[in-house]
Structure formats: C-alpha cells, structure tokens
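Each remark here refers to the structure printed beneath this line.
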Amino acid sequence: MAVLLVVMVACLLAFWLCICFAMLKWNEIRYSRRKGLPPGTMGWPVLGQTTEFLKHGPSFMKKQRAKYGSVFKTHILGCPTVISMDPELNRYILMNEGKGLVPGYPQSMLDILGKCNIAAVHGAAHKRIRGSLLSLVGPLVIKDECLPKIDKFTRFFLQNWHGKTIDIQEKTNEGRKRIVQMLKQIMEQRRASPMPYDDMLCRLLRSKDSKYILSDEEIIDQIITILYSGYETVSTTSMMAVKYLHDHPKALEELREEHFAIREKKKPGEAIDWNDYKSMSFTRAVIFETSRLATVVNGVLRKTTEDMVLNGFTIPKGWRIYVYTREINYDPFLYPEPLAFNPWRWLDKNLESHSYCFIFGGGSRLCPGKELGILQISIFLHYFITSYRWEEVGRNEILQFPRVEAPNGLHQYHLIIVQDDDPSRKIEVSDGFDYELYNRNDINRILGPEAACISFKDSACRCLDYLIPRKKKYIFTIVGEGGQPDLCVPTSVSHGLWLNIHDYDAPTQLVKPLERNTRYVDAIMTVPKGTLFPMCGMNLAFVRELIGPAMNFGQYDNMWAGWCMKEKAIPFFQSMVLPKVCNNVEKCYLAAAGEVKSKLGELV
Ligand code: HEM
C-alpha cells in the first residue's frame with residue numbers, strides 16, 4: 001500500500017513537472033518566433049517573471065544582466081519588456097522620445113493620474129501640458145511665488161517636533177475618485193467666488209496665456225500629477241537625507257555650519273530668501289548624494305509605437321522598455337567608492353550635468369519639478385537641522401525596492417501602558433510615543449463582568465497587554481521602575497533577572513535602548529522545549545508566535561489573565577481530561593501544554 005502511494009505521488013510530481021516545463025517552453029517558443037529580439041527569458045505564460053522581479057528587484061536585474069548582457073528581454077507587470085541597463089542606450093532612449101517611443105507606464109498608474117496627465121500624452125499634447133506645468137513649478141515661479149510659501153509652511157510644519165518620534169515618510173493613500181470630487185467642488189467654489197486665491201489651482205483656472213488654458217479634466221489631472229509626482233519623491237528623499245546625515249556626523253556638521261551661517265545673518269524668525277537658498281551649495285550636494293545612493297527612482301518606462309532597432313536588436317511594436325537607470329548610480333568610474341555617502345563629490349558642479357546622471361530623468365521628460373523638489377528639501381533641512389538634534393529609534397529596516405520605504409516609519413515600539421493606581425489620576429506621557437494608555441476604568445469597560453479576573457490588589461493588571469489582540473511578534477513587559485529584558489540574540493523567552501540591571505524607569509529604558517549593563521552575572525539557564533518554566537511576568541520578553549497560549553507565570557497574580565478571559569478558554573479548561581498515562585506532574589504539564597497549543601493556539 002505504502003509503495004503504491006509513493007509511486008502515485010512520484011507520478012503526480014512527474015506529471016506536474018512536465019506541465020510546468022511544457023508551459024515554460026511554449027512561452028519561450030511563442031516569443032522566439034520573432035527575429036532579432038534581445039536574449040533573455042519570458043518566464044511563465046501571463047505572469048512572466050513578475051514575481052522574481054518584484055521579490056528580488058535589483059538582484060534580479062543583476063542576475064539577468066550577468067546571464068544575458070546589458071539589454072535583455074523578459075515579461076514583467078503584464079507586458080513583454082526589454083530591460084536596458086546600458087547607459088549609452090538609456091541616454092539615447094531618453095533623448096529621442098518621438099522617434100517611435102512614448103511613455104510606457106502601467107494602466108493602473110494612468111487610472112490614478114487620469115488620461116490627460118503628462119505621462120499619458122506625447123507629441124504636441126505633451127508640450128502643452130508640460131508648458132502649463134512649468135508655468136506652475138518652473139524656476140522663475142518657484143523663486144517669486146513658491147519659496148515664501150514653502151518657507152512659511154515648513155516653519156509651521158516643523159514646530160513642536162521636540163521629543164517626538166516622527167515618520168517623515170508618512171504614507172497617504174487617497175483614492176482618485178475622492179480627490180476628483182474634492183477638486184471639482186473646490187473649482188466650482190473658486191469660480192463662484194470673487195476672492196483672489198493665490199495658488200496653483202487658481203493659476204490654472206485663470207491662466208492668462210492662451211497656450212496653457214486647460215479643460216477642467218486636464219486641470220484635475222494636472223493637480224493630481226503634481227501631488228503624485230512631487231509627494232513620494234520629496235518625502236522619501238527627505239527621509240533618506242535625515243537617515244544618512246544621522247549616520248554621517250561629519251556631513252551633518254558641515255551642513256549645520258552652512259545653515260547656521262545663514263541664520264546668523266538673519267533676525268530670529270526671518271524667512272529664507274532666494275539668495276540664501278542659492279548659497280546652500282553643500283545642502284544641494286547632500287540632496288544629490290542622497291538621491292543617488294538611495295535611488296528613489298529606479299528607472300523610467302517607455303513603449304514602442306513601431307518595430308525599432310536598438311543596439312542591433314529588434315524591439316517589436318507595443319513592447320515596453322524599462323530604462324533601468326539604477327545601476328549607473330553605483331558606477332565606480334563615475335562615483336568612486338559608490339556605496340559611500342559622500343556629498344562632497346557633488347561640489348564639482350560638472351557631476352550634476354554629466355551625460356549619465358539620470359536622477360531626474362532626461363531629454364524632453366526631464367523632471368519639471370526638479371528645482372521645486374530640491375527647494376522643498378533644502379528648506380526642510382534648513383529648519384530641521386537648525387532647530388533639532390535627533391536620534392534614530394532602533395535599527396529601522398529600509399526597503400530599497402520597488403520603492404524606497406521605511407515600512408515601520410521611524411517608530412520601533414508600540415506601548416501598552418497600564419496604570420494600576422487611582423484612575424482619576426492622569427498619567428502624562430511625553431509627546432511622540434506610539435502608545436495606548438489603560439487604567440482600571442478602561443479595563444472594567446473593555447472586559448465587562450470578566451474584568452474581575454484582573455486583580456488591582458497586586459500587579460496582575462499588567463497582563464492586560466496580552467489580552468489586546470494585535471499582530472506583534474514580540475512582547476516586552478517592563479514594570480515602571482524595573483529592569484530590562486533583552487532580545488538582542490534570537491531568543492524565545494528572555495527574563496530580566498534583576499541582576500545588575502540598570503534601574504531605569506520605563507520611558508528612560510525606551511529612549512536608551514542601546515544602553516546595556518556589561519556586568520552580567522553568569523546565570524544562563526537552558527529550559528528544555530516543552531517544559532513548564534514558572535517565572536514572573538515582569539521584565540519579560542517573549543516571541544508570541546513561539547510561546548503561544550501556554551505561557552504561564554509562576555505567581556498567581558502574574559498568571560496570564562488571557563486564559564481566564566477568552567470565552568473559549570474557560571470551557572476548555574473545565575472539560576480537559578488528561579490521559580491515564582499522565583501519572584506524574586511533569587507528564588500532566590506536558591499533556592496539558594500539548595492540548596493548549598493545539599486547541600487554544602488560535603487565540604494567540
Ligand atoms: C527628489 C525629487 C524628485 C525626483 C528624484 C524626481 C524624478 C523624476 C524622474 C526620474 C522623472 C522622469 C520620468 C520619465 O522620464 O518618465 C520625473 C518626471 C516628472 N516629475 Fe519628478 N522628481 C522629483 C520631484 C518632482 C516634483 C517635486 C514634482 C512636482 C511638480 C515632479 C513632477 C514630475 C513630473 C510631472 C514628471 C513628468 C515629466 C514629463 O513626463 O514630461 N517631480 N521626475
């Protein structure tokens with residue numbers, strides 16, 4: 001019987017492998033009928049290599065380049081695509097739009113930005129929309145109109161950041177429909193109002209230049225494009241600049257000198273003017289180095305409108321070309337020691353304008369918001385570094401692909417603070433912590449009649465933490481005046497032993513996460529898997545996923561109140577019957593732990 005089963009499984013596996021192989025082969029043959037295509041593989045039918053591309057990003061690109069050279073074919077994001085990592089060809093494509101090339105951005109992006117947006121149009125329509133956009137954000141306008149507003153806004157925005165944890169790259173995700181509706185309403189109000197508003201929308205509505213009079217639909221798409229294109233690039237570059245400056249004190253020191261020199265010439269509260277901005281040469285260098293090293297834009301997309309011969313390969317009509325410019329940012333010939341953050345290299349002005357600097361694109365689609373973006377980041381850095389010293393909280397993960405992102409913002413902790421004394425007293429928590437505060441009244445309200453399981457005569461109220469469902473992998477409990485649990489090595493449970501541990505209060509612990517006592521007492525104890533280990537719930541850290549609901553604290557008041565609370569847990573314990581073989585305490589514990597894990601696991 002077992003042999004038959006093995007044979008059947010092997011046959012099924014072989015059949016499945018044959019199908020996969022046939023599908024891959026069929027997809028390759030389908031495309032190989034076309035002559036002159038670049039080398040490369042098209043992956044699976046329909047899906048192509050999208051999964052590998054999105055999962056591995058830059059390393060996928062490098063691997064393919066090692067196999068096939070700087071120009072190769074693939075199938076990503078629903079479209080047959082030629083990827084060019086060849087600087088010369090990239091430059092040619094950017095400079096020669098119109099000769100069989102148009103923007104090739106995915107439909108999903110065009111759906112957000114609208115069919116009149118700048119990336120959806122080409123030829124004369126592109127010239128007109130781009131001209132209108134430059135009349136809003138071009139260098140002349142930003143000097144006279146944008147700078148004073150950006151200065152005022154940034155000063156206001158940066159007020160009261162003292163002691164706070166800030167997510168500079170805060171995420172916003174508004175649906176197009178809502179924005180369109182809002183813009184339509186505002187446009188109606190503006191038209192009906194005699195008030196002279198002084199902003200981009202108003203200038204679009206009352207454009208005096210007949211070349212740039214846009215329809216309502218075009219105005220809406222133009223505004224959404226500005227919001228979309230200018231938001232993420234500027235916020236991500238600002239976030240990364242703050243990160244790099246934090247990691248490179250010499251660069252920060254030089255930047256501070258530049259900005260304090262500007263402030264010294266000014267009265268307190270006086271705004272930045274154009275000359276001040278123009279004197280910020282090291283700031284500009286920091287912004288360029290940040291954009292290069294972080295590579296906020298990996299490349300741009302184009303589409304062929306006819307069969308084209310590029311670098312000796314024929315690219316069929318309708319194929320996408322991913323002009324992948326990321327690698328050029330790390331070219332050691334252009335940027336010696338390319339992985340080092342070295343803003344000083346940009347003080348040589350020729351670097352900004354060299355032929356292969358594609359940080360802001362190139363050719364007829366060179367970023368029209370380039371100077372506006374640099375101005376916004378410069379003003380932000382000015383007020384930020386002249387007003388604050390800052391500390392990075394924890395070791396934050398930075399994702400590089402498909403977009404540069406700090407997925408957890410600049411927070412590391414989410415605090416559940418349980419106040420166990422008089423609930424009429426209000427605990428003051430400093431600004432900037434990501435926290436929830438509960439007192440006895442809150443616990444009574446949340447748990448209703450079952451709140452009795454949390455005693456306020458002792459310290460059991462801290463166990464409320466475990467009852468609040470959330471998807472955190474680690475739980476740390478720190479008692480007000482207590483020690484410091486430590487999860488700096490892979491650990492399932494770590495317990496503050498109150499031995500030579502800093503006697504900090506909890507908030508101090510949080511702001512000094514790296515401060516550790518080196519005089520550890522050699523008191524390591526190995527607890528075998530599956531053994532019940534009684535311990536106190538204070539100053540404890542554990543991996544929630546690993547420990548599960550079988551966590552049990554030795555003292556009565558530290559018993560995990562969750563056991564009593566969950567409606568499912570009560571009947572479970574009432575009806576639990578252990579097998580007869582459990583004839584000693586240890587066997588009973590183990591059997592009970594097994595039952596808990598299998599039947600109450602879902603409660604974690
Ligand atoms: C650090 C900041 C920025 C970076 C790194 C950046 C980068 C780029 C790049 C690489 C392109 C070329 C796209 C292509 O060729 O298809 C581009 C185009 C564009 N950018 Fe920016 N950008 C930044 C800031 C801004 C800002 C603040 C705005 C706001 C107005 C803006 C608006 C646009 C628009 C509308 C286009 C399309 C131009 C066209 O198709 O003619 N960008 N940007």
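We count ligands from 1, going down the list as the structure has it; atoms in each ligand are counted the same way. One is the number of the first residue; the rest follow in order along the sequence.
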*Which atoms form the tightest heavy-atom contact between Arg326 and Tyr324, and what is the distance?*
CD-OH, 3.0 Å
_Are Trp344 and Phe282, when compared by the centres of their aromatic rings, separated by less than 6.0 Å?_
yes
*Is the number of heavy atoms from other residues, nucleotides or ligands under 6.0 Å of Arg191 CZ greater than 12?*
yes
*Using non-hydrogen atoms of the residue, decide whether Tyr105 is closer than 4.0 angstrom to ligand 1.*
yes
*asked:* For atom 37 (C) of ligand 1, what's the nearest protein heavy-atom neighbour? Residue, atom name and distance, please.
replied: Ile118 CG2, 3.7 Å
*So is Thr225 in contact with ligand 1, going by heavy-atom distances below 4.0 Å?*
yes
*Can you list the ligand 1 atoms lying under 4.0 Å from a non-hydrogen atom of Thr237?*
1 (C)
*Do other residues, nucleotides or ligands put more than 12 heavy atoms under 6.0 Å from Lys184 NZ?*
no
*For ligand 1, which atoms, with element, lie under 4.0 Å from some heavy atom of His126?*
39 (C), 40 (O), 41 (O)
_I need the atoms of ligand 1 closer than 4.0 Å to a non-hydrogen atom of Arg302, numbered in the order shown._
14 (C), 15 (O), 16 (O)
*Could you tell me whether the side chain of Met61 reaches within less than 4.5 Å of the side chain of His56, counting heavy atoms only?*
no
*Does Glu270 CD have over 12 foreign heavy atoms under 6.0 Å away?*
yes
*Which residues and atoms, protein N, O or S only, are under 2.8 Å from atom 21 (Fe) of ligand 1?*
Cys367 SG
*Flag the pair Leu255 / Thr283 as yes when at least one side-chain heavy-atom distance between them is below 4.5 Å, and no otherwise.*
yes
*asked:* Arg130 versus ligand 1: do any nitrogen or oxygen atoms come within less than 3.5 Å of each other?
replied: yes
_Protein contact to atom 12 (C) of ligand 1 [nearest heavy atom, distance to 0.1 Å]_ = Arg365 O, 3.7 Å
*For Lys266, does the NZ atom sit with more than 12 other heavy atoms under 6.0 Å from it, leaving out its own atoms?*
yes
*For atom 13 (C) of ligand 1, the option (of Ile142, Leu227, Thr290, Val300) bearing the nearest heavy atom*: Val300
*asked:* Between Val300 and Arg365, is there a side-chain heavy-atom distance shorter than 4.5 Å?
replied: no
*Check each atom of ligand 1 against the heavy atoms of Ile359 and keep those under 4.0 Å away; list them by number with element.*
5 (C), 7 (C), 10 (C)
_When you compare the side chain of Pro87 with that of Glu327, does any pair of heavy atoms fall below 4.5 Å?_
no
_Tyr383 and Phe156 aromatic centres sub-6.0 Å_ = no
